[in-house]
Protein chains: 2
Amino acid sequence: MKGITSRVQDYLRVIYELSISGKRVRLVQLSKILGIKMPTAVQMLRSLDNQGLVIYEKHEMIKLTPEGEKVAKEVHNKHNLLLKFLTRYLGVSPKIAEKDACGMEHHLSEETYRRLLKFIEFMEGCPSGLPKWLEGFHYYLTWEKRPTKRVGKDVAILPLKNLNEVEPGEVGKVVVVKVNPDERLKLAEQGILIGSTVKVIEKKEKYIVLNVNGKIVQLDRRKVDSVYVI
Amino acid sequence: MKGITSRVQDYLRVIYELSISGKRVRLVQLSKILGIKMPTAVQMLRSLDNQGLVIYEKHEMIKLTPEGEKVAKEVHNKHNLLLKFLTRYLGVSPKIAEKDACGMEHHLSEETYRRLLKFIEFMEGCPSGLPKWLEGFHYYLTWEKRPTKRVGKDVAILPLKNLNEVEPGEVGKVVVVKVNPDERLKLAEQGILIGSTVKVIEKKEKYIVLNVNGKIVQLDRRKVDSVYVI
DNA sequence: ATATTTTATTAGGTTAACCTAATCGACAAT
DNA sequence: ATTGTCGATTAGGTTAACCTAATAAAATAT
């Protein structure tokens, strides 16, 4: 009955990701991203249309039906969750993590998905900004031995990101603010303090626009340079 | 060139697992375990033989070639690692974890495998027997909120196993010994103390035979009842 | 020794997902 | 208006992995 194979999920996810990034979805792009030839894509698209997952008429743009979008979103979520876990917690490089997530997303049960989600939720909800063991673990990954005492504050082994490197649309959690107390206070007044979650809205050459707990904040990019997120 | 598809890996892993458990490997079992019909298995086996991964002659028992065994072992290791992570850390139920691991094992890159291995190594090498966050996390999974203080000692939310439930051949790490100090001391003299790794060798009705750091120990099963491992 | 059951094999399909080669349609540039 | 290019399509394959139905071989029971 259900023909929602792994591959079908891939197609739907890619269509979804292209469409939410505002681009109109054409066959060429799809086939480029999925690494297949166009005739294959045509066939698949027709089959997806028959299954009621996409709307596809000859020479027209590709759209997801509500049902197709539902499936696509699920896969997309699983993909992102795995990606986050692999890069931020295991410290896998983005490229490899992407490939792994791509393969594993189809085999992540609801149960495991929920638990992995909780795992990340739990770690991100950590009152000290970043769970302690994570530092220790990344020390261990680098030096092949357990940290003897407390890991130093600026041992840069964690896969932290400078807030300036976060792309518009993405979300980060502030874990390090490397700046003098005065500046730190100013940032804190804007809501940028350890543990807070920020979403990047727009990046210009001189300033960056953020959403900090619902409040829109505009900051100098040089100042933002000392803010690290995960 | 390489025809080592996911499915081929599945076949090799199952053959490997059957053969290390001492059973002679026949087609019927293979097809039962893999959920396929026998003619399919025959075809596949012939193809595996051609690729030099197994030795298979008509009506004969199935054996892995050294190369086939190498592949099988790799997959087997990935499978077990995922299984461990899912059950012991995320607390996924064994059945679901098994299915998930089965699907994901083929898509786990070397890099990610190594890091996940390190993760578990790091957590198991924890001097206090069990990382603290894990208790907190499992509390969070159960109650949907962070533990306020220290999680109580016998909040049985962790996926612990009674040592009596560990099957021969399996390994466990002692994390809880629920018994009076006297008995605890006696067990400690045998090497059974928090943090030590034990392998179950044999289980009889009255006693259990363990390998504790290379030493063979025989213990009353009633006493073992108070030992929990992960 | 023969009958029965279990295990394995052949023969002849199907399906999903891919491919190449060739053609078609729409639009832009000359 | 013609030509070229890009994108889409058709036609006609291939391959891996599965299947059913029928048959054969091996093992076991009578």
Side-chain angles (χ1 to χ4, degrees), chain A residues 1-15 18-19 23-64 68 71-72 75 99 102-107, chain B residues 1-15 18-19 23-64 68 71-72 75 99 102-107:
Chain A
M1 191 114 272
K2 273 189 214 171
I4 302 187
T5 62
S6 294
R7 213 52 184 136
V8 165
Q9 289 175 25
D10 280 334
Y11 279 81
L12 294 176
R13 178 172 59 77
V14 172
I15 295 170
L18 282 173
S19 60
K23 287 164 200 154
R24 292 188 313 159
V25 188
R26 309 186 131 262
L27 271 174
V28 233
Q29 321 199 43
L30 250 192
S31 41
K32 231 170 241 163
I33 294 172
L34 288 164
I36 52 171
K37 292 292 145 75
M38 285 180 55
T40 308
V42 175
Q43 265 179 249
M44 183 56 112
L45 265 285
R46 240 206 295 281
S47 148
L48 292 178
D49 185 291
N50 284 340
Q51 287 175 75
L53 296 167
V54 309
I55 294 164
Y56 180 63
E57 311 258 343
K58 273 189 191 184
H59 296 279
E60 294 297 317
M61 292 300 134
I62 301 151
K63 272 184 195 165
L64 291 169
V71 176
V75 184
K99 245 182 71 185
C102 239
M104 302 201 289
E105 65 194 10
H106 314 295
H107 304 95
Chain B
M1 190 111 270
K2 273 190 213 169
I4 302 186
T5 62
S6 294
R7 213 53 183 134
V8 165
Q9 289 175 26
D10 281 333
Y11 279 83
L12 294 176
R13 177 172 60 76
V14 172
I15 295 169
L18 282 173
S19 60
K23 287 164 200 156
R24 293 188 313 160
V25 188
R26 309 185 129 264
L27 271 174
V28 233
Q29 320 198 45
L30 251 191
S31 42
K32 230 169 241 165
I33 294 171
L34 288 163
I36 52 171
K37 293 291 144 77
M38 285 180 55
T40 308
V42 175
Q43 267 180 247
M44 182 57 111
L45 266 285
R46 241 206 294 281
S47 147
L48 292 178
D49 185 291
N50 285 339
Q51 288 176 75
L53 295 167
V54 308
I55 294 165
Y56 180 62
E57 312 256 343
K58 275 188 190 183
H59 297 280
E60 294 298 316
M61 293 299 135
I62 301 152
K63 272 183 196 165
L64 291 170
V71 175
V75 184
K99 245 183 71 186
C102 239
M104 302 202 289
E105 65 194 10
H106 314 294
H107 303 96

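Just so you know, these numbers come straight off a predicted model, no measurement behind them. Letters A, B, ... are given to chains in the order of the sequence lines, protein chains preceding strands, and every chain is numbered from 1.
Spacing between atom CZ of R26(B) and atom C1' of dA25(D) amounts to 12 Å, rounded to whole angstrom units. At whole-Å resolution of the value, CD1 in I36(A) and P in dA8(D) are 12 Å apart. What separates CD of E60(B) from P of dT7(C) is a distance of 16 Å, to the nearest Å. To the nearest angstrom, C1' of dT6(C) lies 12 Å from CE of M61(B). Distance CG (L45(A)) to P (dA16(C)): 16 Å, rounded to an integer number of Å. dT15(C) atom C1' lies 16 Å from atom NZ of K37(B), rounded to whole Å. Separating the CG atom of D49(B) from the P atom of dT9(C) is a distance of 11 Å, rounded to the nearest angstrom. Regarding M38(A), its CE atom lies at a distance of 8 Å from the C1' atom of dT9(D), rounded to whole Å.
Contact check for L12(A) versus V75(A): no side-chain heavy atoms found under the 4.5 Å cut-off.
Within 4.0 Å of V42(A), counting heavy atoms only, lies at least one base atom of the nucleic acid.
For dA16(D), the OP1/OP2 oxygens have no side-chain nitrogen or oxygen of T5(B) closer than 4.0 Å. OP1 or OP2 of dC18(D) lies within a sub-4.0 Å distance of a side-chain N or O belonging to Y11(B). A sub-4.0 Å separation between OP1 or OP2 of dC19(C) and a side-chain N or O of T40(A) is present. Contact annotation: K58(A) does not reach the phosphate of dG7(D) (side-chain N/O to OP1 or OP2, under 4.0 Å). Checking the phosphate oxygens (OP1, OP2) of dT10(D), a side-chain nitrogen or oxygen of R46(A) falls inside 4.0 Å. Not one side-chain nitrogen or oxygen of R7(B) sits closer than 4.0 Å to the OP1 or OP2 atom of dA16(D).
Between H106(A) and H107(B), the ring centre distance reaches or exceeds 6.0 Å.
Note that the CG atom of L18(B) and the CD1 atom of I62(B) stand 8.5 Å from one another [nearest 0.5 Å].
For L27(A), whose side chain is taken as the heavy atoms from C-beta onward, the closest listed nucleotide among dA8(D), dT20(C), dA11(C) is dA8(D). Of the listed nucleotides (dC19(D), dA25(D), dT9(D)), dC19(D) has the atom at the smallest distance from the side chain of P39(B).
A salt bridge does not link R46(A) with D49(A): none of the charged nitrogens is closer than 4.0 Å to a carboxylate oxygen.
Between the side chains of Q51(A) and S47(A), at least one donor-acceptor pair of N or O atoms lies under 3.5 Å.
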